[in-house]
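All figures in this text were calculated on a predicted structure; none of them were measured in a lab. Lettering follows sequence order; numbering is per chain, from 1.
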Amino acid sequence: MSRDLNELPKIYEYREVEARWQQIWRDEDVYFIEGSDKPPFVIDTPPPYPTGEFHIGNAFNWCYIDFLARYKRMKGYNVMFPQGWDCHGLPTEVKVEEIHKITKNDVDRQKFREMCRELTIGNIKKMRASMRRMAFSIDWSHEYITMMPEYFSKTQRSFLRMFHAGQIYQSDHPVNFCPRCETAIAFAEVNYSDRTTKLNYFNFSGLEIATTRPELLAACVAVAVHPEDKRYAGRAGEDLKVPIFGHDVPIISDEAVDPSFGSGAVMICTFGDKQDVLWWKVHKLPLRKAIDKTGRMTAIAGKYAGMDSASCREAILSDMKSEGILLRQEPLQQRVGTCWRCKTPIEILSLHQWFVKIPHEAALKAAREVRWYPEHMFLRMENWISQMEWDWCISRQRIFASPIPIWFCKDCGQIILPDEEDLPVDPTVDAPKKPCPKCGSTAYVPETDVLDTWMDSSISVMHVTGWDGTQKIPPHFPAQIRPQGHDIIRTWAFYTILRAVSLTGSKPWEQILVNGMVLGEDGFKMSKSRGNVTVPEEILEEYGADSLRQWAALGAATGSDIQFNWNDVVAANRFLTKMWNIARFSLMQLDRAPYDKNAPVTALADRWLLNRLSGTVREVSESLETYQFDKGLKAIREFAWDVLADNYIEIVKGRLYGQSPDRDGACVAIRRSLDAICRMLAPFTPYFSEEIWSYLSDESVHKQPWVSCTFDDAKAGESGEILVKVIAEIRRYKHDKGLALNAPLGGVTVYTPSAMDDECDAGAALNCTLTWKTGMPELKQVVSGVRFDMGIIGPKLRGKAKAFMETIEKMPREDLLTIPEMIEIGGETIAVPGGAVIPQLSYTVAGSSVDLIPVNDSIIITVSQ
RNA sequence: GGGCUCGUGGUCUAGCUGGUUAUGACGUCGCCUUGACAUGGCGGAGAUCCUGAGUUCGAAUCUCAGCGAGCCCA
């Protein structure tokens, strides 16, 4: 049995309600059922980085996921809503170093890992609590943690398979390198920031060169000029001696040189920036490594060897000065690449690293086969793929990450691989099970590099679709949907597509739902330095999860960036209050007296309501099918507040309070509406819906099927709109007359083009005797008096004003229905100034005087005095 | 510098496959304590739909240019 109405409190206490249901709901309620005959709906949810704080951007993203997960469940899908944690990577290492005041090299690798794991476990715990509070219907039995052996053995397995397929290779190649973190990083991990630096002009064996990086002089391999630059015509091919260091470099010409920058001649070093890498490749220049992995100058820097780049720069500039070759210095604004985590400017170093080949065509094809919501987000992927120049560098020189499952033979250098059955392995701990396949030696050297964390997270879809390594294609692959933010299209989405294509040969998901970024109340990205950060916990505390969830749904159209806005949260909370009162009123009325639950719905108002409900259900369903959560929730709110509460309930109150059998139809209509609203709100406001539902049924609303309501009655729709409109107009009339809205009114007659079949609701709602008539009334317009506008009459007529008004007053009233253009005053004919005379009109029907309320061209209301 | 998105009452926002009285919320002003709700109801004021040009009978909506903003990236 459903709950007793005596328990129904007057006020909706979200704190109490949300806490209670959170206790009652059980995780297994939402389990994905293996072997179910329902169609599967697998969501490849984002594994967040366990920072310990579930921020508002996460909350927004997960709201979308939960809306669709709950909706799809109600629609009869076997929904998998897993939860992952993308644990590995620099941020945690940096945090551990901070907390323990160490660097990674101060403790052994195992110990350092242990510290990272411990921190991560604690952070995950905190974030889980926030997520439960938000009522996300996560299937916790499908939780995965990438740092656990069960998961990272899959990462290693995927590495081996791609290696065997020739998709992974090892090579010397320029990579972005953070000297502080001492690791290579991917382009996706490079940030750019502005800084002011000096552009140094110096004499390069007779040629003027401008450079921001004099410390790289030792790494200079060429000087480049633009082929059209007259200053350097004919000089390409010459050799120049590098100042201070003395080695010879050629002058080359290249279109990419900007003749207007500096002196128009640029020195190419290995490597100052990405352009240097390009030139180095195109012109097949030699490699001179001047900076090592710790950011210090190498032996080729001669007397500067061992210096860090900043001191080397100063030293070289000072030596240039004393040699008289430094010509001048200018300040320059430039953007430098920095490590996304520690903000240290990155260097481009040529290092032995592991790479994944980028299959441009196949990736693009797969990306195109995925259905993108919103569609235009695909463009970002397309642009990214088509402009990628370097392969994906997947090795990192760090510790807290999935180990690369490789050893090298100490004697012959041969790569030694583990078998898939032996995974997971940590080559720095485990020994290879077999001797070197080439020379038979058992002496080995472990690969100490580890994998980029995107190597873990980019197989999330393989994992959640049930990959255990025995199959090539996982049992539930591809997933139905990938929900994520647009900020990680070129990382997570791209890498996932790349890996799915490489491992399975096809697209990872059928659809991708891309959400926008959450901006602060000031319209800028939330950041601590701006001070515009709002945390979910604060909102949950003050207004509850259901209000926060409504903000997420309504704050912006799907895919758009969303500005955080307390107003929306407050309005959402008010909607809950309003809805609570609607439910309370409805439940009490349904309970007040027994009614026939199968009574036919015949009254106009009742049919109108159900017709509107039917339209609302259709609209909400269509919106949710295309993930337009804003539209969906808006339609529900409008139906509940506008249609049901403000119009319908006000119209039928008379019948509800009475005893007659025509009350039954209203009860049936209300009960059906309340039921439907609960179900439709369930994905958006799970706590609230469950609470109301508990007074209707003893089951969970979240186990109910989605609403089906087909009560389409176009005629009732049209007539109902007239009914509502007429009542609104008469209320306005009362308002204008200074009457209370429930004040009694005399006889009201409403003339409509076609017959209205409203029995008694309108009259009861307006506290009057209301008669519906078809056609137009036999109206007689009479002038009951006149008013004059002295502002016009005065200046125009001056002394004749008084006589003018007297003349008008004496005229037969019916002659004033249309104001004459000329009138005669004392024998003189004068023009009547426009707007001077204002006739006071009234109407009579069949001889008695009435007030007239025109609704539109075809509907007229008369009120007898 | 490139890509993408956006520019609508004081604020936020819908509409943008061309024709509506330009939606809703917050704020604001007036009236109303009526037996679900004053966290309410009813009503009002408030908009050069960024600017300019073009297409069209007709543009917030389509095209181009400009200005401005945001995000991602170089």
Gap between atoms CD and P, on Gln589(A) and rG35(B) respectively (whole Å)
13 Å
Between Ala645(A) and Thr577(A), who's closer to the 5' end of RNA chain B by nearest nucleotide?
Ala645(A)
rG27(B) pairs with, by Watson-Crick or G-U criteria that keep both distances under 3.5 Å
none
What is the pairing partner of rG40(B), taking Watson-Crick or G-U wobble pairs with both distances under 3.5 Å in any strand?
rC32(B)
Could you work out the separation of rA45(B) and rG9(B) based on their C1' atoms and round it to a whole Å?
10 Å
Distance in angstrom units between Lys631(A) NZ and rU13(B) P, rounded:
17 Å
Base rA36(B) paired with Glu650(A) side chain (donor-acceptor, <3.5 Å)
yes
In whole angstroms, the gap separating C1' of rC12(B) from CG of Leu519(A) amounts to 12 Å
Quick one: look up who rG58(B) pairs with, Watson-Crick or G-U, both distances under 3.5 Å, and put none if it's unpaired.
none
Check Arg671(A) with Asp664(A), please: is the shortest side-chain N to carboxylate O separation under 4.0 Å?
no
Side-chain contact check for Lys525(A): nearest option of rC72(B), rG35(B), rG40(B) is rC72(B)
Take the protein atom CG of Leu576(A) and the nucleotide atom P of rG40(B), then report the distance between them rounded to whole Å.
12 Å
Can you tell me how the ring of Trp566(A) sits relative to the ring of Tyr543(A), calling it parallel under 30°, perpendicular over 60° and tilted otherwise?
tilted
Applying the 3.5 Å cut-off to both distances, the Watson-Crick or G-U partner of rA22(B) turns out to be none
Hey, does Leu513(A) have a side-chain heavy atom less than 4.5 Å from the side chain of Arg482(A)?
no
For nucleotides rU5(B) and rA22(B), find the distance between their P atoms and express it as a whole number of Å.
28 Å
How is Ile649(A) classified with respect to the nucleic acid when contacts are heavy atoms under 4.0 Å: base, sugar-phosphate, or nothing?
base
Return the value, rounded to whole Å, for the distance between atom CG of Leu633(A) and atom P of rA14(B).
14 Å
What are the residues of residues 538-558 of chain A, sorted by number, that bring a heavy atom to within less than 4.0 Å of RNA chain B?
Ala557(A)
Of the candidates rG41(B), rA36(B), rC12(B), the side chain of Gln563(A) sits closest to rC12(B)
Look only at the side chain of His376(A) and the backbone of Pro374(A), and say whether a donor-acceptor pair between them is shorter than 3.5 Å.
no
For Tyr657(A), which contact category applies under a 4.0 Å heavy-atom criterion: base, sugar-phosphate, or nothing?
base
Do any side-chain atoms of residues 632-646 of chain A form donor-acceptor pairs under 3.5 angstrom with protein atoms, and if so which ones, sequence neighbours left out?
residue	atom	partner	partner atom	Å
Arg637(A)	NE	Gln550(A)	OE1	3.3
Arg637(A)	NH2	Gln550(A)	OE1	2.7

With rounding to the closest Å, how many angstrom separate the C1' atoms on rU51(B) and rG7(B)?
11 Å
Could you tell me how far rG18(B) sits from rC49(B) if I compare only their C1' atoms? Round to whole Å.
14 Å
Closest to the 5' end of RNA chain B, once Asn581(A) and Met517(A) are matched to their nearest nucleotides, is Asn581(A)
What protein N or O atoms touch nucleotides 2-7 of chain B N or O atoms at under 3.5 angstrom, if any, and at what distances?
residue	atom	partner	partner atom	Å
rG3(B)	O2'	Asn383(A)	ND2	2.5

Verdict with reasoning, Tyr687(A) to Tyr14(A), per ring-ring contact (aromatic ring centres under 6.0 Å, His included):
CA-CA 8 Å; Tyr687(A) 291 118; Tyr14(A) 71 85; 9.7 Å; no
So Ile670(A) and Gln589(A), do their side chains get closer than 4.5 Å, heavy atoms only?
no
Fit a plane to each ring of Phe684(A) and Phe629(A), take the angle between them on a 0 to 90° scale, and name the class: parallel (under 30°), tilted (30 to 60°) or perpendicular (over 60°).
perpendicular
Polar atoms only, N or O, under 3.5 Å: list the protein pairs with nucleotides 18-28 of chain B and their distances.
residue	atom	partner	partner atom	Å
rC26(B)	O2'	Asn567(A)	OD1	3.2
rC26(B)	O2'	Asn567(A)	ND2	3.1

Between rU21(B) and rC31(B) - P atom distance, rounded Å:
32 Å
Tell me the interatomic distance from Asn647(A), atom CG, to rG41(B), atom C1', rounded to whole angstroms.
12 Å
Does the side chain of Val750(A) reach to within under 4.5 Å of the side chain of Leu770(A), using non-hydrogen atoms?
yes
Derivation and outcome, salt bridge (Lys or Arg N to Asp or Glu O under 4.0 Å), residues Glu542(A) and Arg15(A)
CA-CA 9 Å; Glu542(A) 288 190 48; Arg15(A) 264 177 240 274; over 6 Å; no
Given the C1' atoms of rU39(B) and rG58(B), what is the spacing between them in whole Å?
45 Å
Could you identify the nucleotide paired to rU63(B), looking across every strand shown and requiring Watson-Crick or G-U wobble geometry with both distances under 3.5 Å?
rA53(B)
To the nearest Å, how far apart are Ile489(A) CD1 and rC72(B) P?
12 Å
What distance, rounded to whole Å, do you find between the two C1' atoms, one in rA47(B) and one in rG15(B)?
15 Å
Distance, C1' atom - from rU55(B) to rC12(B), rounded to whole angstrom:
33 Å
Would you mind checking if Lys653(A) and Glu650(A) are paired as a salt bridge, meaning a charged N to carboxylate O distance below 4.0 Å?
yes
Would you say Val17(A) and Tyr12(A) make side-chain contact, with heavy atoms under 4.5 Å?
yes
Length of the line joining Gln659(A):CD and rG35(B):P, which is rounded to integer Å:
19 Å
Are OP1 or OP2 of rU34(B) and a side-chain N or O of Lys653(A) less than 4.0 angstrom apart?
no
Could you list the residues that satisfy ring-ring contact (aromatic ring centres under 6.0 Å, His included) with Tyr373(A), not counting sequence neighbours?
Tyr627(A)
Looking at residues at least two apart in the chain, or sitting in another chain, which of them share a ring-ring contact (aromatic ring centres under 6.0 Å, His included) with Phe355(A)?
Tyr169(A), His173(A)
